[in-house]
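Reading through the structure tokens given below for one structure.
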There are 2 protein chains.
Amino acid sequence: MGRLNKAERQKKLQDKLEENPFLIDKELAEIFGVSIQTIRLDRMELGIPEVRKRTKSVAKQAYSKVKSVQSGEIIGELVDIELDQSGLSILEVTEELCLEKTKIVRGHHIFAQANTLAVAIIDTDVALTGSSKIRYNRPVYIGERLIAKAKVEKAKKNKFYVNVETKASNDTVFTGEFIIFSVDDPDKEV
Amino acid sequence: MGRLNKAERQKKLQDKLEENPFLIDKELAEIFGVSIQTIRLDRMELGIPEVRKRTKSVAKQAYSKVKSVQSGEIIGELVDIELDQSGLSILEVTEELCLEKTKIVRGHHIFAQANTLAVAIIDTDVALTGSSKIRYNRPVYIGERLIAKAKVEKAKKNKFYVNVETKASNDTVFTGEFIIFSVDDPDKEV
DNA sequence: CTTATATTAAGACCAGGTACTAATTTTCTT
DNA sequence: AAGAAAATTAGTACCTGGTCTTAATATAAG
């Protein structure tokens, strides 16, 4: 890397650390062919913390993100549920849910919200989606808020017919008819 | 926390660190009412590294996990694609994809794999799912390998009819008919 | 040539450890 | 109860990857 001036170096330094936050000052110094002190001055001026703080912050952020994917936060917040009858779920559209370039939400996230909601309103330990018929009406963009409303239309024994309608900015963007089977937990004595 | 014996303490130490890997030895010592040295001996015996290494490993793992969620790895690995014709995607079922108690994969993950595959085989910058008809045949359990096969049935202008069949252990567990719209990137000059 | 800016150096200090030695306390066994 | 074994605590030297401060150079600009 040919010797750069301060402004260029600091710009590249930021890029470099964004791409790999685990680099220590010594490594950065070698990359840019300057002394450790210079790197430290650069970090100061740019307000970039030391490697251990960067690592910790990555860990904490990513940790909670992964947890949120697992716990289902990323597939909508259940704001209102009447078991075996109806439910409401809200999902804020953030970058993570989008195709990179387009700012358009990936279809399966809209589906996931609806599916999760449909399953959640069925009052049983395990609810399985049997089949569903779905339709997307228009793309949903980053920053919109997806509001999914679910209603149980019919219920036959352990078979529930749930309709979900998802709106964004007052438009219906998704509709789905889910058939859900309730399977009571065999471990649980009745 | 009443004074525990070594075995109990070490057990709880592991739990504690699993739940919060960012605790330093001093904090652990206070939690268990023992000296720092004891905590360090415990960590040694249990093969638990120091807080900075733990943090880094959490950061790296979670980092790649988050990236994989975003990049689509978690919704299946595309192993073979013939653009505008067919494709194959493999998804190993891990705990993250399951309902906690049951070891059954959540429906929307199976859908996500199929949806992603269907979109991927369409040769365009942006492909949007218009609608789909899907069916789940049996639950899928942790440890199984989901193999999704997609085939373009019809193609009319920017409208593609894609069928996806997903198998696990030789059973067809999911079928879906997707209608996908291709939308060429307006930024891209033709 | 002189001044301002940028870079490098040097030293004291810090957190959160490792690695090792040794003393002290508790528990078990005979 | 005495002695051995196991568990706990203490203390010291050293490590990494820094911070914070002071000071000496190098380079560029007026």
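Atoms considered below: every heavy atom in the structure, side chains included; atoms not considered: hydrogens, waters and symmetry mates. Residue numbers begin at 1 in each chain, while the letters A, B, ... track the order of the sequences.
- For the pair A/Asp25 CG and C/dT7 P, the interatomic distance rounds to 15 Å; values are reported in whole Å.
- Under 4.0 Å is where a charged nitrogen must lie from a carboxylate oxygen, and between A/Glu165 and A/Lys149 no such pair does.
- Between A/Glu27 atom CD and D/dT16 atom P the separation is 13 Å, expressed in whole Å.
- B/Ile36 comes within contact range of no nucleotide atom at all, as no heavy-atom separation falls under 4.0 Å.
- Note on B/Thr38: a side-chain N or O is less than 4.0 Å away from OP1 or OP2 of D/dT9.
- Residue B/Arg9 places at least one side-chain N or O under 4.0 Å from the OP1 or OP2 atom of D/dT8.
- Judged by the 6.0 Å distance and 45° axis criteria, A/Lys12 is not positioned over the aromatic ring of A/Phe32.
- Residue A/Lys6 places its side chain closer to C/dT7 than to any other of D/dG17, C/dT7, D/dA7.
- Of the listed nucleotides (C/dG16, D/dG18, D/dC20), C/dG16 has the atom at the smallest distance from the side chain of B/Ile24.
- In this structure, of D/dG17, D/dG11, C/dG17, it is D/dG11 that holds the atom nearest to the side chain of B/Gln37.
- To the nearest angstrom, P of D/dG18 lies 14 Å from CG of A/Asp42.
- With D/dA10, C/dA9, C/dG17 as the choices, the nucleotide that has an atom nearest any side-chain atom of B/Ser35 turns out to be D/dA10.
- Ion pairing between B/Lys6 and B/Glu45 holds under the 4.0 Å rule for side-chain N and carboxylate O.
- When the P atom of C/dT8 is taken as reference, atom CD of A/Glu30 falls 13 Å away, rounded to whole Å.
- Residue B/Met44 has its side chain nearest to C/dA19 when only C/dA19, C/dG16, D/dG17 are considered.
- Per the geometry, CD belonging to B/Glu50 stands 15 Å off P belonging to D/dC15, to the nearest Å.
- In this structure, CZ of A/Arg40 is placed 12 Å from C1' of C/dA10, rounded to the nearest angstrom.
- When the side-chain nitrogen and oxygen atoms of A/Arg43 are compared with OP1 and OP2 of D/dT19, one or more of them lie within a distance under 4.0 Å.
- Taking the charged nitrogens against the carboxylate oxygens, A/Asp15 and A/Lys11 do have a contact shorter than 4.0 Å, which makes a salt bridge.
- Among A/Gln14, A/Arg9, A/Gln37, the single residue meeting the side-chain hydrogen bond (donor to acceptor under 3.5 Å, both in side chains) criterion with A/Asp42 is A/Arg9.
- In this structure, B/Glu8 atom CD and C/dT27 atom C1' are separated by 15 Å, rounded to whole Å.
- Distance A/Lys56 NZ to D/dG17 C1': 15 Å, rounded to the nearest Å.
- Listed nucleotides D/dC20, C/dG16, C/dT8 differ in distance to A/Val34; the shortest reach to its side chain belongs to C/dT8.
- You'll find that the side chain of B/Arg52 is closest to C/dG17, out of C/dA19, C/dG17, D/dG17.
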